[in-house]
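Heavy atoms only: backbone and side chains are in, while hydrogens, waters and symmetry mates are out. For reference, positions follow the sequence shown, starting with 1.
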Amino acid sequence: EYARGTIKFEVPIAHGILTLLVSLVGLHRVANGCRIHSVEDVRYRAPVRIGDAVTPIFSVMDLEDGRIRLRVEAVRQDGQVAMEGSVVVLPGEASPSVETDAIGPDPGRVRAARERCASVTAFPRDKEAPVFDQGRVVTRDFQAHISPEVADGYWALVGSTSPAFWNLAVSLGMIAHTSANFASPGWILLSTKLEAPREPIREGDTLTSSARLEITRLTREEKRPIARIVMEVRNQHGRPVFRGEVTKMGDPGLCRERP
């Protein structure tokens with residue numbers, strides 16, 4: 001609803017997936033030992049601007065087969081809900097580490113990673129917004145190498161959590177990488193899903209996201225396209241790592257309607 005009428009923001013805003021990750025870090029701090037099993041459906045309701053304070057709120061929805069379903073909200077300092085949805089967690093005794101032989105990097109490497117992050121820029125300003133045809137499925141592959149510098153960057157984001165949480169951060173980062181390279185600029189993130197991981201991610205891995213985009217509908221009044229992007233991510237050995245999904249809304253001119 002917030003984005004109706006415009007997808008342009010006057011000031012820089014945080015990526016929706018970053019808001020999700022920061023909220024989940026908060027959960028890890030108060031429920032250490034639990035592991036995030038999956039992100040069922042998270043929707044982004046309002047932007048988070050640089051300097052905003054966000055408070056994550058979790059409430060138990062149900063418990064089934066040892067899995068706890070939590071409702072999550074990220075609330076800005078003005079009371080506006082910026083993000084809401086549901087995640088599934090496993091309690092400590094039922095949540096073996098995804099990556100048992102991984103350890104966090106040296107604190108000096110983390111400090112260097114934070115300094116590098118301060119100089120990271122988004123897409124080139126001259127990058128054109130992609131246009132898609134309604135009713136046509138577009139498939140593309142995107143790769144990302146988890147170099148030592150990239151691995152340290154994720155540790156800088158999640159702090160002293162756990163290797164399993166680092167895996168979660170890299171997975172969400174790969175979803176953001178695929179989403180941004182497939183449909184940006186001109187498209188805004190509406191929702192995110194992440195299924196349970198099938199294979200651990202390790203430093204040195206090369207991940208390939210095989211993504212499929214389809215325009216599912218146009219908004220009634222402004223004819224803005226709604227795109228669904230589904231991605232299957234595999235490592236360099238061809239083994240499936242995880243499956244993710246996002247929905248995005250584009251500017252009115254970024255979809256060619258069916259004749």
For Ala129 and Leu254 the tightest heavy-atom approach is CB-CD2, 3.7 Å
Minimum heavy-atom separation for Gly244 to Ile175, with atom names?
-> CA-CD1, 4.1 Å
Has the side chain of Asp133 got a donor or acceptor atom that lies under 3.5 Å from a matching backbone atom of Arg136?
-> no
Would you confirm whether Ser171, through its side chain, and Asn167, through its main-chain N or O, come within 3.5 Å as a donor-acceptor pair?
-> yes
Walk me through it: do Met83 and Val42 pass the test side chain to side chain contact (heavy atoms under 4.5 Å, CB included)?
-> CA-CA 7 Å; Met83 179 202 77; Val42 165; 3.3 Å; yes
Per the side chain to side chain contact (heavy atoms under 4.5 Å, CB included) rule, which among Val48, Val54, Ile13, Leu157 passes with Leu18?
-> Leu157
Hey, are Ser210 and Glu232 close enough side-chain-wise for a donor-acceptor pair under 3.5 Å?
-> no
Atom CZ of Arg228 and atom CZ of Arg217: how far apart are they, to the nearest 0.5 Å?
-> 13.0 Å
Could you tell me whether Glu84 and Arg45 have a side-chain N and a carboxylate O separated by less than 4.0 Å?
-> yes
So with a 6.0 Å cut-off around CZ of Arg198, is the heavy-atom count from everything else above 12?
-> yes
For the hydrophobic clusters of this structure (ILVMFWY residues joined by side-chain heavy atoms under 4.5 Å, transitively), does one cluster hold both Met61 and Val39?
-> no
Which distance, rounded to the nearest 0.5 Å, do you find between the CG of Leu24 and the CD1 of Ile36?
-> 5.0 Å
Is it true that Arg76 and Asp78 make a salt bridge, defined as a side-chain N closer than 4.0 Å to a carboxylate O?
-> yes
CZ (Arg243) with more than 12 external heavy atoms under 6.0 Å | yes
Should the pair Glu199-Arg239 be classified as a salt bridge under the 4.0 Å nitrogen-to-oxygen rule?
-> yes
Would you indicate whether Arg71, at its atom CZ, is surrounded by more than 12 heavy atoms from other residues, nucleotides or ligands within a distance under 6.0 Å?
-> yes
Is there a path from Val230 to Phe242 through hydrophobic residues (I, L, V, M, F, W, Y) whose side chains come within less than 4.5 Å of each other?
-> no
Ring centroid separation for Phe165 and Trp155, is it under 6.0 angstrom?
-> no
Audit row: Leu194, Leu168, side chain to side chain contact (heavy atoms under 4.5 Å, CB included) steps and yes/no | CA-CA 9 Å; Leu194 171 63; Leu168 172 70; 3.6 Å; yes
Short side-chain to backbone donor-acceptor contact, Glu73 and Ile57, under 3.5 Å = no
Would you say the side-chain atoms of Ser38 and Glu195 include a donor-acceptor pair closer than 3.5 Å?
-> no
Would you find a donor on one side and an acceptor on the other, under 3.5 Å apart, between the side chain of His28 and the backbone of Val158?
-> no
Short side-chain to backbone donor-acceptor contact, Asp205 and Leu207, under 3.5 Å | no
Are there more than 12 heavy atoms of other residues, nucleotides or ligands under 6.0 Å from atom CD of Gln77?
-> yes
Does one side chain, of Ser184 or Lys248, offer a donor that lies under 3.5 Å from an acceptor on the other?
-> yes
If Ile, Leu, Val, Met, Phe, Trp and Tyr residues are connected whenever their side-chain heavy atoms lie under 4.5 Å apart, and connections chain through other members, are Leu63 and Val72 in the same group?
-> yes
Verdict with supporting geometry, Val88 and Ile68, side chain to side chain contact (heavy atoms under 4.5 Å, CB included) | CA-CA 6 Å; Val88 176; Ile68 306 169; over 6 Å; no
How close do Cys255 and Ile215 get, heavy atom to heavy atom, and via which atoms?
-> SG-CG2, 4.0 Å
Which atoms form the tightest heavy-atom contact between Trp187 and Ala227, and what is the distance?
-> CZ3-CB, 3.8 Å
Is the shortest distance from a Lys or Arg side-chain nitrogen in Arg109 or Glu115 to a carboxylate oxygen in the other one below 4.0 Å?
-> no
Quick one: does Asp52's side chain have a donor or acceptor within less than 3.5 Å of a partner on Arg49's backbone?
-> yes
Within the side chain of Asn181, is there an N or O that forms a donor-acceptor pair under 3.5 Å with the backbone of Thr178?
-> no
Given the rule in the side chain to side chain contact (heavy atoms under 4.5 Å, CB included) test, do His145 and Val150 qualify, once you have shown the distances and angles that lead to the verdict?
-> CA-CA 8 Å; His145 178 61; Val150 169; over 6 Å; no
